[in-house]
Protein chains: 2
Amino acid sequence: MRRIAPDRDSLLAILAEVFREHGYEGASLSLIGEATGLGKGSLYHFFPGGKEEMAAAVIAHIDGWFETNVFAPLQDIDDPRAGIERMLEATDRYFRSGRRVCLIGAFALDDARDLFAKAIKSYFGRWVAHLAEALTRTGHSPARADELAEETVCAIQGALTLGRAFDDTAVFSRALQRARAALG
Amino acid sequence: MRRIAPDRDSLLAILAEVFREHGYEGASLSLIGEATGLGKGSLYHFFPGGKEEMAAAVIAHIDGWFETNVFAPLQDIDDPRAGIERMLEATDRYFRSGRRVCLIGAFALDDARDLFAKAIKSYFGRWVAHLAEALTRTGHSPARADELAEETVCAIQGALTLGRAFDDTAVFSRALQRARAALG
DNA sequence: GGAACATTGTACCTAACGGTACAATGAGGT
DNA sequence: ACCTCATTGTACCGTTAGGTACAATGTTCC
């Protein structure tokens with residue numbers, strides 16, 4: 001039928017929302033069908049590998065967004081401080097100031113971890129590594145930069161968890177503010 | 001039959017492990033039965049409310065452990081510094097130096113959150129509040145104490161997530177070490 | 001118009017889900 | 001010995017899970 005060209009990007013965005021909201025196991029095909037308005041026929045047409053391929057595509061999509069919006073600014077050779085600031089802004093934008101949860105982080109905790117271990121590891125690994133590199137460029141020692149980078153990503157992930165637990169976005173805002181102070 | 005009096009504590013410990021490993025949705029009754037060696041008959045005898053009651057019991061059990069081993073030391077009026085140190089040691093013990101993940105944190109992220117929202121909120125709320133009170137007793141201003149307490153619990157949760165993602169317990173150890181330095 | 005192809009709804013499959021019913025078992029107290 | 005009752009295994013329930021098959025529908029391009 002192909003009534004409207006089904007925009008793959010917004011399809012992946014909806015899928016991501018469902019996985020974020022219900023976890024990997026909790027995101028049933030009927031939930032996904034309901035959220036996307038697509039029947040199983042279409043779903044399996046776009047993702048022959050089923051749920052696992054959907055989740056993998058969503059992870060790749062998020063990974064791509066972070067690569068361009070979060071990790072790339074950190075690789076700015078000339079102005080590492082500005083790069084760090086842009087990283088923090090992109091992070092705030094992505095997590096909608098704490099209204100959103102980190103899918104990759106959530107997957108890291110439940111049993112989706114085994115399926116996507118490599119991607120999860122790589123995502124967090126690049127975040128920490130690129131931030132650490134930027135921090136060495138601002139004058140920190142490599143060891144201190146590593147420490148600070150890991151601490152920052154931990155703080156962000158932890159704030160997302162606590163913010164969700166408290167149902168309070170201020171937790172995330174405060175964490176970002178602290179990160180800004182510690183890094184800047 | 002009642003062959004061996006089934007120790008409720010160790011039963012809850014096994015249940016907790018299954019929930020930790022697979023999440024709420026992922027922990028199927030057959031997995032639980034396999035892990036505990038109990039059939040559905042026994043399981044529903046001990047927990048007539050089914051899976052939801054099992055998870056609730058596990059949460060209550062963990063909550064109790066934290067209450068006595070983590071939160072109580074923080075309420076030591078005379079020596080708040082020692083209380084904080086005991087809190088950190090108990091935390092390290094509970095999470096087995098990072099080999100274990102926080103069930104309550106994991107539940108906060110997936111769709112078990114809706115079922116157990118109150119308990120989750122209360123657990124993290126007491127942790128932050130008691131730590132903040134201890135910090136005011138060591139001389140920090142109430143505002144600074146709140147900030148530091150929230151930062152610390154965020155750091156712990158984040159480190160558990162990252163540690164799991166990297167499959168590396170050192171992340172958690174480093175986070176605890178940093179917390180010790182920041183608080184002590 | 002018709003061929004080729006992308007897209008979809010429907011029907012269906014088997015396995016597993018959470019949960020229930022209940023009879024059988026055996027230990028503890030008397 | 002006997003009654004009571006906690007505990008258990010087994011069989012079963014309806015529902016939903018993820019997944020497959022396929023015919024029908026358009027759309028695009030020649």
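Letters A, B, ... are given to chains in the order of the sequence lines, protein chains preceding strands, and every chain is numbered from 1.
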For atom CG of A:Asp7 and atom P of C:dT7, their distance in whole Å
13 Å
Please check if the number of heavy atoms outside B:Gln75 that lie under 6.0 Å from its CD is greater than 12.
yes
Show your reasoning for whether side chain to side chain contact (heavy atoms under 4.5 Å, CB included) applies to B:Glu151 and A:Arg174.
CA-CA 9 Å; B:Glu151 184 175 5; A:Arg174 282 193 291 265; over 6 Å; no
Report, one pair per line, the protein and nucleotides 17-19 of chain C atoms (nitrogen or oxygen only) whose separation is under 3.5 Å.
unit_1, atom_1, unit_2, atom_2, d
C:dC17, OP1, B:Ser28, OG, 2.9
C:dC17, OP1, B:Ser30, OG, 3.4
C:dC17, OP2, B:Ser30, OG, 3.0
C:dG18, OP1, B:Lys51, NZ, 2.8
C:dG18, OP2, B:Leu29, N, 2.7
C:dG18, N7, B:Lys40, NZ, 3.2
C:dG19, OP2, B:Tyr44, OH, 2.6
C:dG19, OP2, B:Lys51, N, 3.1
C:dG19, O5', B:Tyr44, OH, 3.0
C:dG19, N7, B:Lys40, NZ, 3.1
C:dG19, O6, B:Lys40, NZ, 2.5

Taking salt bridge (charged side-chain N to carboxylate O under 4.0 Å, His left out) as the test, write out the residues that go with B:Glu67, two or more places apart.
B:Arg126
Between D:dT20 atom P and A:Phe47 atom CZ, what is the distance in whole Å?
15 Å
Take atom CZ of A:Phe46 and atom P of C:dC5, then tell me their distance rounded to the nearest Å.
17 Å
Do you reckon A:Trp127 sits in the same ILVMFWY cluster as A:Leu109, going by side-chain contacts under 4.5 Å, direct or chained?
no
Nucleotide C:dT7, atom C1' - distance to CG of A:Leu43 in whole Å:
12 Å
Sequence neighbours excluded, every pair satisfying side chain to side chain donor-acceptor pair (under 3.5 Å) that has a member inside residues 79-98 of chain B
B:Arg20-B:Tyr94, B:Glu85-B:Arg180, B:Asp92-B:Ser97
Return no unless some side-chain N or O of A:His45 is found under 4.0 Å from OP1 or OP2 of C:dT7.
yes
For A:Phe166 and B:Phe124, take the angle between the two ring planes, folded into 0 to 90°, and tell me which bin it lands in: parallel under 30, tilted 30 to 60, perpendicular over 60.
perpendicular
